[in-house]
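Since this is a predicted model, take the numbers as computed values, not measurements. Each chain gets a letter, A, B and so on, in the order the sequences are listed, and its residues count up from 1. Quick note: numbers below take in every heavy atom, side chains included, and nothing from hydrogens, waters or symmetry partners.
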Amino acid sequence: MNQNKRIQIFERWSAANPAPTTELIHGSPFELLIAVILSAQATDKSVNKATQPLFARANTASAILALGEDELRTHIRNIGLFNSKAKNIIKTCAILVAEHEGQVPRDRQALESLPGVGRKTANVVLNTAFGELTMAVDTHIFRVSNRTGIAPGKTPLAVERALLRHIPKRFLKNAHHWLILHGRYTCLARKPRCPECLIADLCDYRDKTAAAV
DNA sequence: AACTCGGGGCA
DNA sequence: TGCCCAGAGTT
């Protein structure tokens with residue numbers, strides 16, 4: 001895909017949806033970290049439903065530790081993969097207290113060494129809590145980047161680097177949100193809604209695949 | 001690269 | 001009912 005096409009795509013998204021926001025409810029960096037760990041392969045609705053009462057009860061690493069794994073588990077029982085997430089969150093809180101004075105570290109390596117925190121979660125925290133320009137490549141962004149041709153790559157990390165390299169700087173800050181929304185509501189995994197797609201005429205995917213409507 | 005965890009939402 | 005979810009860890 002040439003750069004001219006890319007610019008047209010982001011200008012359309014910019015005009016259509018100028019105000020990006022995170023849909024996960026969070027106040028502090030710690031609440032964000034926990035909410036993002038919980039959101040892996042889960043919907044933001046089910047996460048918010050659980051985290052509101054949880055954070056009212058305990059919203060720091062030491063408070064979650066005081067709560068204990070069993071009570072934490074009951075709080076997040078409505079979220080998928082809750083069993084392993086409860087264990088990971090307890091371990092992570094213990095590390096935060098022991099090695100980071102109970103705070104969320106502003107450091108990629110330190111974040112990714114926390115149980116339950118991978119590249120994608122670390123990128124969300126660095127971006128949303130600390131204002132760093134990162135691309136958190138989830139399944140939506142991976143699919144949309146490859147289908148459209150905006151930033152092709154065989155792995156999420158390759159797509160992440162391609163996005164940072166190819167997206168014009170003035171669009172970089174909001175690009176993450178637009179890509180997510182596009183994947184979530186238009187460029188669906190199984191049945192892409194090409195007829196109602198804002199950028200169908202600029203997309204590498206449409207007309208090249210039988211699945212593209 | 002493939003597999004597993006996993007309840008909830010939505011068509 | 002079947003399929004997917006703002007993934008990570010292990011084999």
Side-chain angles (χ1 to χ4, degrees), chain A residues 13 17 19-26 29 31-54 69 72-95 104 108-130 132-148 150-151 153-160 163-164 167 172-193 195-196 211 213:
Chain A
W13 280 340
N17 196 341
T21 54
T22 303
E23 296 187 17
L24 290 173
I25 295 176
H26 63 275
E31 291 184 3
L32 175 68
L33 175 65
I34 300 304
V36 178
I37 290 175
L38 290 173
S39 73
Q41 293 297 104
T43 62
D44 49 356
K45 283 184 184 174
S46 66
V47 171
N48 287 335
K49 190 171 147 192
T51 53
Q52 290 194 60
L54 172 62
E69 185 176 327
L72 172 62
R73 202 194 318 278
T74 67
H75 271 97
I76 64 175
R77 193 175 291 284
N78 64 317
I79 301 174
L81 312 179
F82 66 92
N83 215 341
S84 59
K85 287 172 183 174
K87 289 180 183 172
N88 284 337
I89 287 173
I90 293 295
K91 288 182 189 170
T92 283
C93 288
I95 294 174
V104 178
R108 173 181 298 286
Q109 279 200 338
L111 285 169
E112 290 187 18
S113 72
L114 299 171
V117 180
R119 176 113 195 154
K120 182 260 176 183
T121 299
N123 278 333
V124 173
V125 171
L126 289 171
N127 186 319
T128 306
F130 297 121
E132 298 191 12
L133 219 49
T134 64
M135 284 292 172
V137 178
D138 57 26
T139 58
H140 287 317
I141 295 191
F142 185 78
R143 181 178 68 254
V144 170
S145 298
N146 276 303
R147 268 191 191 165
T148 58
I150 289 172
K154 292 188 185 300
T155 67
L157 181 57
V159 168
E160 178 185 331
L163 287 166
L164 292 172
I167 297 175
L172 210 46
K173 194 168 187 174
N174 294 338
H176 181 262
H177 184 252
W178 294 329
L179 288 162
I180 293 273
L181 292 184
H182 188 67
R184 205 172 172 187
Y185 298 113
T186 306
C187 196
L188 309 185
R190 297 288 172 155
K191 294 187 176 182
R193 299 176 175 171
E196 62 187 70
V213 182

Using the C1' atom in both, what is the distance from C:dA6 to B:dA2, to the nearest Å?
23 Å
Using the C1' atom in both, what is the distance from C:dT10 to B:dG7, to the nearest Å?
22 Å
Sequence neighbours left out, what passes side chain to side chain donor-acceptor pair (under 3.5 Å) with A:H140? Give chain and number order.
A:R143
With sequence neighbours left out, write down each residue that passes side chain to side chain donor-acceptor pair (under 3.5 Å) with A:N78, or none if nothing qualifies.
none
By side chain to side chain donor-acceptor pair (under 3.5 Å) - contacts of A:N123 (at least two apart)
A:R108, A:E160
Phosphate contact (C:dG7 OP1 or OP2) by A:Q41 side-chain N/O below 4.0 Å
yes
Could you list the residues that satisfy salt bridge (charged side-chain N to carboxylate O under 4.0 Å, His left out) with A:R77, not counting sequence neighbours?
none
Residue closer to the 5' end of DNA chain B, A:T155 versus A:R77 (nearest nucleotide):
A:T155
Residue pair A:V144 / A:T148: nearest heavy atoms and the distance that separates them:
O-OG1, 2.6 Å
Between B:dG8 and C:dG9, how far apart are the P atoms? Round to whole Å, please.
24 Å
Taking atom C1' of C:dC5 as reference, at what distance in whole Å does atom CZ of A:F82 sit?
17 Å
Output yes when at least one side-chain N/O atom of A:R184 is less than 4.0 Å from OP1 or OP2 of C:dC5, else no.
no
Check side chain to side chain contact (heavy atoms under 4.5 Å, CB included) between A:A110 and all other residues, then give those that pass, not counting sequence neighbours.
A:H100, A:P105, A:D107
What pairs with A:N127 under side chain to side chain contact (heavy atoms under 4.5 Å, CB included), at least two apart in sequence or on another chain?
A:T134
Contact boundaries of DNA chain B with chain A (under 4.0 Å, heavy atoms), 5' to 3'?
B:dC5 to B:dC10
Given atom CD1 of A:I79 and atom P of C:dA6, what is their separation to the nearest angstrom?
13 Å
What's A:K45 touching, base or sugar-phosphate or nothing? Going by heavy atoms closer than 4.0 Å.
sugar-phosphate
Which of residues 138-145 of chain A have a heavy atom under 4.0 Å from DNA chain B?
none
Indicate, with a heavy-atom threshold strictly under 4.0 Å, whether A:A189 touches base, sugar-phosphate, or nothing.
nothing
Applying the side chain to side chain contact (heavy atoms under 4.5 Å, CB included) criterion to A:T121, which one of A:L111, A:L114, A:V36 satisfies it?
A:V36
All ring-ring contact (aromatic ring centres under 6.0 Å, His included) counterparts of A:H182, not counting sequence neighbours:
A:W13
Measure the distance from CG on A:L126 to C1' on C:dA6 and round it to the nearest whole Å.
16 Å
Could you check how far OH of A:Y185 sits from P of C:dC5, rounded to whole Å?
12 Å
Using the side chain to side chain donor-acceptor pair (under 3.5 Å) criterion, which residues pair with A:T92? Sequence neighbours excluded.
none
Integer-rounded Å distance: C:dA6 C1' and A:L32 CG
11 Å
Pick the C1' atom in B:dG9 and in C:dA8, then give their distance to the nearest Å.
22 Å
Quickly work out the A:I180 CD1 to C:dC5 P distance and round it to whole Å.
11 Å
Show me the donor-acceptor pairs, under 3.5 Å and distance only, between side chains in residues 79-87 of chain A and residues at least two apart or in other chains.
| unit_1 | atom_1 | unit_2 | atom_2 | d |
| --- | --- | --- | --- | --- |
| A:N83 | OD1 | A:R73 | NH1 | 2.5 |
| A:S84 | OG | A:L81 | O | 3.3 |
| A:K85 | NZ | A:L38 | O | 2.7 |
| A:K85 | NZ | A:A40 | O | 2.8 |
| A:K85 | NZ | A:G80 | O | 2.9 |

Protein-nucleotides 8-11 of chain C N/O pairs closer than 3.5 Å?
| unit_1 | atom_1 | unit_2 | atom_2 | d |
| --- | --- | --- | --- | --- |
| C:dA8 | OP1 | A:G118 | N | 3.1 |
| C:dA8 | OP1 | A:T121 | N | 2.9 |
| C:dA8 | OP1 | A:T121 | OG1 | 2.7 |
| C:dG9 | OP1 | A:G116 | N | 2.7 |

Result for side chain to side chain contact (heavy atoms under 4.5 Å, CB included) between A:P115 and one of A:I37, A:N88, A:I90, A:I89 points to A:N88
